[in-house]
Amino acid sequence: MDDPLSRAIADLETVTNTDTDSAPISETTLSDLQTLFESDDPEYIDRFWDQISSNNISIASLVRSFTETMDSGPTHLALLGSQVYLSILISPKSPVFTIFTPIAFLSLLRSIRLSFKQHRSAGNSGDSIGDDDSAEKGGGGVDGGRFDVKALFRVLERLDGVLGRIHLARFPDSLKGLIQTVAEIPVTALEFVENSGSYQRLSDLCFRILNGVLRPEHGDQTATAVEVLKALTPAILLLKSQARVAALRFVTQEMVAAARDSEAVKRAIVYLPRYLANKAPEKAEPRAFAVESIMEAVRVMDVEDQIGFVEYVVKMTHGKSNQRLTAVDLIPMLMMSLMNSTHFNEADGGVHSVQLSCLEAMIQRCSDAVAGIRARALSNLAQIVDFLCGGIGDQTQLERIMGDGGINLKSRINDVLRKRCMDEKAAVRKAALLLIAKSTILLGSSIDEDLLKVMGNACSDQLVSIRKGAMSALSEVCRKFPEERVIFEWLHSVPHLITDNESSIQEECENLFLELVLDRLSRAVCIDGKMTDVEGVIETVIPEEILTLLKGICDPEVIPCLKKICTSLGKKKRLNHVIAAALESVITASESHWLSNSKPIENWTAPPGAWLLLSEVSTFLPKSVSWEFLHHHWRLLDKSQLNNEAQSPLMDVDVDQEHLVSEADSASWAGDRVFLLQTISNVAMELPEVPAAELAHSLLDRIEKFNMHSTEVNAHVKALRTLCKRKVLTVEEGDVLVLKWANRLVSEALGILQAYISESTVLSKASAFLTPPKSTSGNEKKTENSSTLLLQAVTAVYTIGSVVMVCPQVDLKGVNPVLHTIITSDSSDTNMKKLPRPPVSLKQNAPSLYIQSWVTMGKICLGDGKLAKSYIPLFVQELEKSDFAALRNNIIFIMADFCVRYTVLIDCYIPKITNCLRDPCEVVRRQTFILLSRLLQRDYVKWRGLLFLRFLLCLVDSSEKIRRLSDFLFGNILKAKAPLLAYNSFVEAIFVLNDCRAHAGHREMQGSRAESKLFSIRGPDDRSRSQRMHIYITLLKQMAPEHLLATFAKLCSEILAAVPDGLLNLDDVTGQSVLQDALQILSSKEIRVLSNRGASTDPTEMDEEGSGADPSIARRRMVAQVAKKSFIQNAVPIFIELKRLLESKKSPLIGCLMECLRVLLKDYKNEIEDILVADKQLQKELIYDMQKYEAAKTKATVSEAINNMQRSKNYVSPLQGRGSSISRLASDPQVRSDLAKQLGSAETVACAVADVTAAETVKSVLKEVNRGSSTQQLNSISMPKLKSSMGGSLSKGSRPKDVLEDLRRRQTFDTAEEN
């Protein structure tokens, strides 16, 4: 050891005695010193210090040399120097206070940081730290040095030992540097430490050092702990990593253990969650990990400190957007985590008030100005409610938190949900629906009608996710609270989604219908696995909700969806035989209950909807319905029919109330018979042969009487066809048998028609020349007979149509002329020369027969192409001129069938058919819309010409049902099927809706004058303009960003530029409306494509839509850049030229133009001078208008805020003098601070508050004047004396009388509030 020590001393003597201030120590010397101090031999260490002293080596020079080595040496040399320096510090007899200097210590820390930095650069070549053996090999650095990981470990170990000898309280910079350097090591080492054991050893060393600096000898423990926590914050806020886990473990275990003995450390730990909350990132995933880290820190705090942090988080909900967002994510975690804490539950009653404040804060954030915060607040509130209710419907805990204010809180949640379900942002609507689904227990029966309707409307939303959420929410409400109003809304919203384009929605619709209707019916009626067969009270056997469900499916709007759902479920073999048995039990129990009360069976009807549902499911469950059950009820219903006269639903006669009730009962029986016959037809192949034959004969006899309700005829005919095929052995025999009775029925029906026409002609002849008509008992009897014959004739015509549909081969030679006579009976014959009796007009005398004849003729034409070619013009003519809404509706159905069968023949009549979209009858309009929509989806009709433009008016139809259907068509179907349709037809829509023919290039799109007026919303009134804007906005929402840009350019070039070019005549009122609409569209937010510049970014919205790398976002940004360039180069010159023209004409549209420019340029406030360089005057006017608009907006905001505070409970007090309430609020520092946060400028708030205060003072003065309160006399007010124009002062008696009289007159001043 003598030679290494001697070499080291000699080299140190040489280095310290150089002329330069300091020189680095060689690697050989450092190695010798390292060997010396690692030996731990006190003798050698003593000799080292003796030789240092004997050779007069300056300790200060030695320290400077070490500093130079650590600063300028390669990585391995710097670490070696750091290790030797620290070894000297902790060695016995070391002059610690001489060797330790802040500069040398900072150089040591710098060498540690550089070692990681340079190794990170070298790591790009593939080097990494594995275990200790591989670390000995080292790795290349950027300077060619070697990086020895063992050296780093030895440096950190000695650094930990130094803290026991050096008190860093006197060296705050060194302490801070040490904390920052050591805290960064676990994070930096993640990049190249692969071995978990090595990393664990490294992090343990670091946290041992950090724990050591918390001792009192290193300074103020609170300040030190704060520095440690700040330095660890980047590691704590990392995503899932070892550094994050290690940092949290150090804070929650070691620092908390130190806090138990030190109140100073505890204060720092208490404020750590607050610091982390303010440092939480905005993106969703990092923010979620930050919230987890915060919760880890909160859980180890005392109850009082936890409550204090909850209160702080509640205050954060009123801070900046990132603070509000973090608070919204923290509150549910705090409530769910801390509610499970035993200590938290044992706290005093103040805990419940904190929890209540958390709920109130979340409800407030549900109406936040930022859409992303609203969405997160709603989603998190749903989690809170679900947690507090325990997921099982136990709301005891939630009610305890809400206390006496629970009812008010429920009302507020209802109001919030009603607004947020109609929010413009999809993420907010989706979250609101989720909250509804989770909060059904909380809301209970307090869910109002408006909220149910909003959920129903959401089932037709444009977005798939919203429709799914609405289905789930509404179904959850129906599942928990099967009330009549809830079931009604569910049946009118969810089953309709079976026609949705999205297959997953169709499947979910089937599943929900199976669960909430079919399975619920099976469970309710089935007891202990057996179907109920008792004769008790029906409500006891069948729950009220089941009866309500069955009644609801009878709605005409629900029946088509019910049939599609049952068909789909049946094809997938998901219908269980228990369903059919349950329906049998429902009908049997209803009959038994009726008979048990001794009521006549002829007045009994089955629960509405039972036979309907059985007829649908029996198609796929033919073996599950017993023949005895069907036969019994057929005999029962058939017997009851004999006691009721057949009434035609199309008969337009005056009847009394009793007759109406009788007809309603008859219709109910008829409906039951129809569905029973459908059920019999479905199970016909399973019926016994003999009963089937008997039933067929019975059906034929019933049909031949022609006295049935018209709704029954079709069911009888179809059932008869099915039973006839059941009776024979081959298909050919069945066809022959069906044709035989079909010809027989047609022949008998034709005889009845001819008899009625003959009798009508005779009656017309008998009364033609009698004025007034002669009334005798014989005539009355003939009239009665004629009415009976009319009912038979109507049924006969309907029977012919039903027979034609089931047997197209039937002989119709004698039928067509008779039907032609009926449908043309109202035509006038101008060739009649003589004065005979007027011809018989069946349209006037027998409207029901007239209407039914058109329907039957349509059915005949469906099977005969030649006949259809002749009669289609007659159908179109009748559609245009008919006064009967029922006939127009039936013809629309016929034309839709013709369009499928004879597409070419109907194509030229499509414009005539679309005229029914403006029919005065809502039913006709709705059916026309539905039928044309189906044809368009199946490509039988093309979206071309005026067809699309005429459909636009359905968006603003007076019927809410039609508007909902239109929104669904344009938002869902057309957006996927024809995405360019809105873009291609947008400009034409503006001219068509305004009925404008003042543009030379758009006159050909208008059609005839009468039709253009019919399909326009012309007029400058607010209602017409708002309807047009609704249509425009709906179309704009269907466009992609590039199409919005192209539409903007088309509006500028085809409408705005057309005015200076003379193509659009502004002298025409419609031309002015077109220009005004175009300016309003250009200023709407829907047409603007904004990049992140100039618009407030909402990170949570990006999280909902996807990551920032989404191609759609990049495309939108690119389109926004192109839009700006196009606006400056193309649109601005057009606006300037248009402004000059409007000014020259003194047009009132100049105001709309300036408003449009103000909106378009508000995102380029700093560039207005460059954009409008061609028109300085316009530039100044726009800048002035913008400033005036901003000032007015600020004033309105301040005024609204002050008025809200006045109405709040904290500021309710009587006025104490003129304007005292406003002045008190305006001078309140808290009020000013809140307004400054909202508006962003204290100066702006001060000016606006002054304006509002002055305005309020003026209003109070005017009110006092109007009330007649006295004011001070003029002579009591101190004022300067006035001199007359003639010189000298005016005396009291020299005042003119007319002036005094004018002053005495009192005038009433009206304020804005009173007006």
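In what follows, every heavy atom counts, from backbone to side chain, and hydrogens, waters and symmetry copies are set aside.
The backbone N or O of Arg376 lies less than 3.5 Å from a partner atom in the side chain of Asn380, making a donor-acceptor pair. In this structure a side-chain-to-backbone donor-acceptor pair under 3.5 Å is present from Asn278 to Arg274. Distance alone, capped at 3.5 Å, is enough to place a donor-acceptor pair between the Arg110 side chain and the Asp71 backbone. Of the possible donor and acceptor atoms, one in the side chain of Tyr199 sits under 3.5 Å from a partner among the backbone N and O of Pro186. The closest donor-acceptor contact from the side chain of Glu296 to the backbone of Leu248 lies at 3.5 Å or more, if one exists at all. In terms of modelled atom types and a separation under 3.5 Å, the side chain of Arg287 and the main chain of Glu282 share a donor-acceptor contact. Between the side chain of Thr181 and the backbone N or O of Leu178, no donor-acceptor pair lies under 3.5 Å. With Arg165 contributing its side chain and Ser91 its backbone, the two residues share a donor-acceptor pair below 3.5 Å.
For Glu157, the side-chain hydrogen bond (donor to acceptor under 3.5 Å, both in side chains) partners at least two apart in sequence or on another chain are Arg201. A search for side-chain hydrogen bond (donor to acceptor under 3.5 Å, both in side chains) contacts involving Lys230 returns nothing, not counting sequence neighbours. Residues passing the salt bridge (Lys or Arg N to Asp or Glu O under 4.0 Å) test with Glu227, sequence neighbours excluded: none. Residues satisfying the side-chain hydrogen bond (donor to acceptor under 3.5 Å, both in side chains) criterion with Ser262, sequence neighbours excluded, are Gln221. For Thr224, there are no side-chain hydrogen bond (donor to acceptor under 3.5 Å, both in side chains) partners at least two apart in sequence or on another chain.
A donor and an acceptor atom, one from each side chain of Glu184 and Thr188, are nowhere located under 3.5 Å apart. Donor-acceptor pairing under 3.5 Å is lacking for the side chains of Ser31 and Thr28.
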Exercise for the section: Given side-chain contact (heavy atoms from CB on, under 4.5 Å), test Phe105 with Leu109 step by step and report yes or no. Expected result: CA-CA 6 Å; Phe105 193 75; Leu109 298 177; 3.8 Å; yes

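With salt bridges taken as basic N to acidic carboxylate O contacts below 4.0 Å, one links Glu292 and Arg244. Look at Lys176 and Asp173 and you find no salt bridge, because none of the NZ, NE, NH1 or NH2 atoms lies under 4.0 Å from a carboxylate O.
For residues 263-273, the side chain to side chain donor-acceptor pair (under 3.5 Å) pairs, not counting sequence neighbours, are Thr222-Arg267, Lys266-Asp302.
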